[in-house]
*Asks:* 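Have a look at this one.
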Amino acid sequence: MHMADALLSPAVGGTLWAASAGTIAYCSSKVRKDIDDSKIPLMGVLGAFIFAAQMINFSIPVTGSSGHLGGGLILTILLGPYAAFLTIASVLVVQALFFADGGLLALGCNIFNLGFFPAFIASPFIYKKIIGNRPTATKISVASVLAAIAGLQMGALSVVLETVSSGISSLPFSTFVAMMLPIHLAIGIVEGLVTASVVSFVYKARPEIMNSALEARPIGNHPVRNIAAVFLAVTVVTGGFVSRFASNNPDGLEWSITKVTGLEELKAPEQGLHVALNALQERIAFLPGYSFRKPDQKTKIEASKPETAPTDQIKQTEQKADDQKNPVATGIAGLVGGTISLGLALLIGYILKRKHRTE
Amino acid sequence: MASIQNAVLDLKNLDLLANGNSAIHRLDARAKVLITLVFILCVVSNNRYELTTLLPFFIFPVVMISLADLPPLFILRKIILLCPFVVAVGIFNPVFDQVILLQIGPLGISGGWISFASILVRSILTVGAAFILVGVTGFTAVCQALERLGMPQVFAVQLLFLYRYIFVLTEESGRASRARELRSCGKKGQGIGSYSSMVGHLLLRTWQRAERIHMAMLARGFTGEFHASRQSRFGASEIRFVLAWSTLFIFLRLQNVSQLLGSLITGLFP
Amino acid sequence: MSHHIVEVKNLRHVYPDGTAALKDVSFIITHGESVGIIGANGAGKSTLLQHLNGCLEPSSGAIHIGHTPLSKGTLPDIRRTIGMVFQDPDDQLFMPTVFDDVAFGPLNLGYTPADVEQRVTDVLELVGAGHLRDKPPYHLSGGEKKRVAIATVLSMSPDILVMDEPTNGLDPFARRQLMKLLRDFKHTRIFTSHDLDMVLELCERVIVLHEGEVWADGPALEIFNNDKLLAECRLEKPFSMQGCPVCRKQKQDIFSESQE
């Protein structure tokens with residue numbers, strides 16, 4: 001359930017990037033201050049352990065499928081929230097760079113979805129509350145399953161919200177939720193059981209590890225409150241800043257460019273720049289996600305009709321801009337041009353490569 | 001298991017690519033990280049029905065692959081294994097969005113299909129950009145660049161440790177996993193019972209390894225600080241690189257080059 | 001020069017679970033000596049080594065390195081004096097590249113970048129790993145890793161080298177190369193190993209540990225000729241001192257002559 005660049009708008013991606021970066025900064029300073037330096041290699045190898053553990057599968061009876069360790073919850077149990085959050089984030093960075101899991105912009109979302117909920121919500125409010133100071137096998141199992149389910153449900157819901165508010169996908173909110181939550185309920189149960197079994201094993205073999213993790217209460221009694229405050233502040237600031245122009249413009253990029261160059265004020269002749277710019281502004285008003293499709297499946301068909309109006313308008317404006325009165329021609333021109341530009345790109349690459357070789 | 005093993009192998013190969021010595025490889029890693037981010041932002045900021053605007057952006061991956069002499073097929077193979085989540089979510093667009101946006105003769109193409117195609121193209125471009133970044137820079141250099149761009153040192157060190165021990169630990173768990181497979185017939189013996197003790201043992205060994213590494217660090221005078229050893233410079237060629245590409249990306253983002261080219265051609269041959 | 005003396009007095013170590021890994025260990029190693037510490041599995045070799053640079057604290061007894069007692073306060077100095085090479089080079093090589101790893105120690109000691117650069121270059125040349133400088137450790141072979149691990153320690157210019165199982169897991173060629181390298185060092189050297197042939201070739205003195213105690217301490221040849229002692233301690237003669245498998249002739253006399 002990795003979020004991906006392709007489904008994200010820059011506003012949503014950027015906000016969560018800032019939020020995750022803020023949390024990483026906060027956790028880093030916490031780890032630096034509060035945790036002894038033997039944890040530094042431990043965090044690193046436990047991150048690698050998550051990769052390694054995912055190579056080992058077990059067969060789930062009846063279903064014929066197989067499961068493996070997820071990661072977020074067990075890391076939090078072993079390392080405590082701050083170190084665990086950094087470790088989860090580092091695993092996701094490697095996945096984004098090497099395994100095509102999501103992409104770089106979506107990294108912020110992924111770190112938040114898969115790191116924040118297990119480390120700062122599910123573990124302190126569910127797992128620790130249940131096992132208390134004297135863990136038993138039953139307590140560990142119940143706590144792990146419930147915490148894993150809760151963490152994954154929150155993560156899944158967050159994926160849905162991010163996708164829907166980005167507006168690249170047409171999936172309505174309700175349908176998407178109805179798909180994601182049951183799947184992640186199943187995943188959560190499996191992850192919880194696996195986590196419980198591994199944690200129980202470690203607890204039997206080397207109780208001092210678990211005990212030290214239990215004792216490693218974060219300094220300052222309200223880790224979640226602090227982290228939530230940091231997170232909220234960052235989100236409000238970036239979210240507010242981004243959505244300021246995101247609510248009028250899709251990405252702020254055009255906004256800043258028109259501002260910087262002052263092109264907006266230019267009164268150009270009837271064609272050329274002015275028309276192109278007009279088209280541009282029309283396109284700006286046509287915004288993915290914010291004024292677009294209502295996240296309600298039932299009203300979809302009715303809603304889609306009035307909403308196509310701006311689309312047609314834009315198409316027409318573009319046609320004007322391209323001096324083509326015929327929509328078919330516009331479409332074809334776009335396709336032909338796209339193919340040509342793709343071909344040109346490849347040709348340039350080929351030439352560069354040849355030149356490179358001969359040098 | 002095989003998939004992660006392959007992935008780790010790919011990881012090694014991708015990292016080896018970064019040992020190249022092209023002009024692109026020699027650039028300061030910060031320049032490459034920055035331009036990759038600008039590229040991704042320009043790509044994803046297109047609205048969802050935009051397909052033709054996206055195509056000219058292929059110039060970036062293509063030129064980078066050529067200049068840095070990366071193996072195009074290797075990169076392509078990695079990109080084509082698109083994130084399944086993207087496809088799974090994207091495929092609903094044609095279902096929910098059936099308004100015809102484009103008529104080509106009798107064939108009507110709905111907005112859903114266009115936006116689905118747009119999602120796939122975005123995915124290829126953004127994922128490709130990430131691979132190329134690693135291929136021309138290397139993971140270590142990317143981390144160091146991020147650190148110099150303001151990422152906390154604790155996190156940079158965490159990334160480096162993680163990356164270093166992925167290779168060691170995946171080999172270890174691969175061995176354990178094979179050993180179990182050889183002694184279990186079919187599905188028997190692959191259940192959760194043997195699983196948890198195996199993963200548990202792996203975890204304990206990992207823990208002990210961390211303790212030994214810490215000892216090795218202490219033995220060499222570690223006091224909690226990591227000292228930077230090498231510096232590279234953000235010089236004129238880096239500035240040129242970043243400026244030239246950003247200008248191009250912003251131009252491509254604001255001007256539908258495909259449309260312009262297309263109207264030129266269709267205008268010439270009506 | 002007194003820096004190079006290692007003195008262990010009545011060292012005892014009991015692990016938290018109650019196992020007494022070291023019961024009463026005493027010895028003195030003087031400047032420039034090359035000493036092999038041998039013993040069966042579980043004899044206490046690794047525990048002893050971990051005491052030498054303060055990774056473990058003695059339950060009782062004391063360790064002096066060059067007349068300085070080992071304690072929390074003297075630990076940084078002592079760790080600089082003693083270069084410890086771990087058994088598994090993967091534990092020791094944790095930085096992204098060979099260069100960074102070899103530079104890790106000197107940077108922690110506060111040398112200037114130029115100085116560090118010089119040191120790294122020198123020790124990598126010394127161990128014959130100059131060409132590996134920019135490689136990440138996971139691309140190295142076993143023998144290369146071992147030599148780089150030694151370089152990471154040499155770059156801090158220690159007076160005493162302590163090595164745990166240096167030839168473990170090496171192919172014959174890499175083992176030979178490594179032994180050649182180790183023989184040329186002028187440092188005080190302490191090895192633990194099950195590779196008794198290596199001990200015979202590199203060490204003039206051998207300390208035999210058995211069940212946490214020193215059972216013998218003397219010239220290598222003398223100890224390896226004491227069949228009774230070796231059998232008691234679950235050891236045996238190095239292969240090079242055993243009979244030739246083809247002609248069954250005892251090589252012992254020939255060997256001791258050639259040594260002198």
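In what follows, chains carry the letters A, B, and so on, assigned in the order in which the sequence lines appear, proteins first and then strands, with residues in each chain numbered from 1.
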*Asks:* Can you tell me how the ring of B/Y163 sits relative to the ring of C/Y138, calling it parallel under 30°, perpendicular over 60° and tilted otherwise?
*Replies:* perpendicular
*Asks:* Check whether B/F167 gets within reach of chain C through its side chain, its backbone, both or neither, counting any heavy atom under 4.5 Å.
*Replies:* side chain
*Asks:* C/F86 ring centre to B/R212 NZ or CZ under 6.0 Å, with the angle to the axis within 45°?
*Replies:* no
*Asks:* Side chain, backbone, both or neither: which part of C/D90 has an atom under 4.5 Å from a heavy atom of chain B?
*Replies:* both
*Asks:* Taking every non-hydrogen pair under 4.5 Å, which of B/H214, B/Q144, B/K12 racks up the most with chain C?
*Replies:* B/K12
*Asks:* Do C/T167 and C/D195 get their side chains close enough for a donor-acceptor pair, meaning under 3.5 Å?
*Replies:* yes
*Asks:* Just so I understand: if I count every heavy-atom pair under 4.5 Å between each of C/R79, C/H139, C/K135 and chain B, which residue has the most?
*Replies:* C/R79
*Asks:* Could you pull out the closest heavy-atom pair between B/R30 and B/L149, with the gap in Å?
*Replies:* CG-CG, 3.9 Å
*Asks:* Does the side chain of C/D115 come under 3.5 Å of the side chain of C/T112 through a donor N or O and an acceptor N or O?
*Replies:* no
*Asks:* By a 4.5 Å heavy-atom criterion (distance strictly below it), what part of C/Q87 contacts chain B: side chain, backbone, both, or neither?
*Replies:* neither
*Asks:* Looking only at heavy atoms and a cut-off of under 4.5 Å, which of C/V120, C/V85, C/V153, C/L93 has the most pairs with chain B?
*Replies:* C/L93
*Asks:* Under a 4.5 Å cutoff for heavy-atom pairs, which residue among C/M84, C/M95, C/Q92 has the most contacts with chain B?
*Replies:* C/Q92
*Asks:* So what's closer than 4.5 Å to chain B heavy atoms on C/T152: side chain, backbone, both or neither?
*Replies:* both
*Asks:* Can a side-chain donor-acceptor contact be found between B/Y165 and B/T206 if the only test is distance below 3.5 angstrom?
*Replies:* no
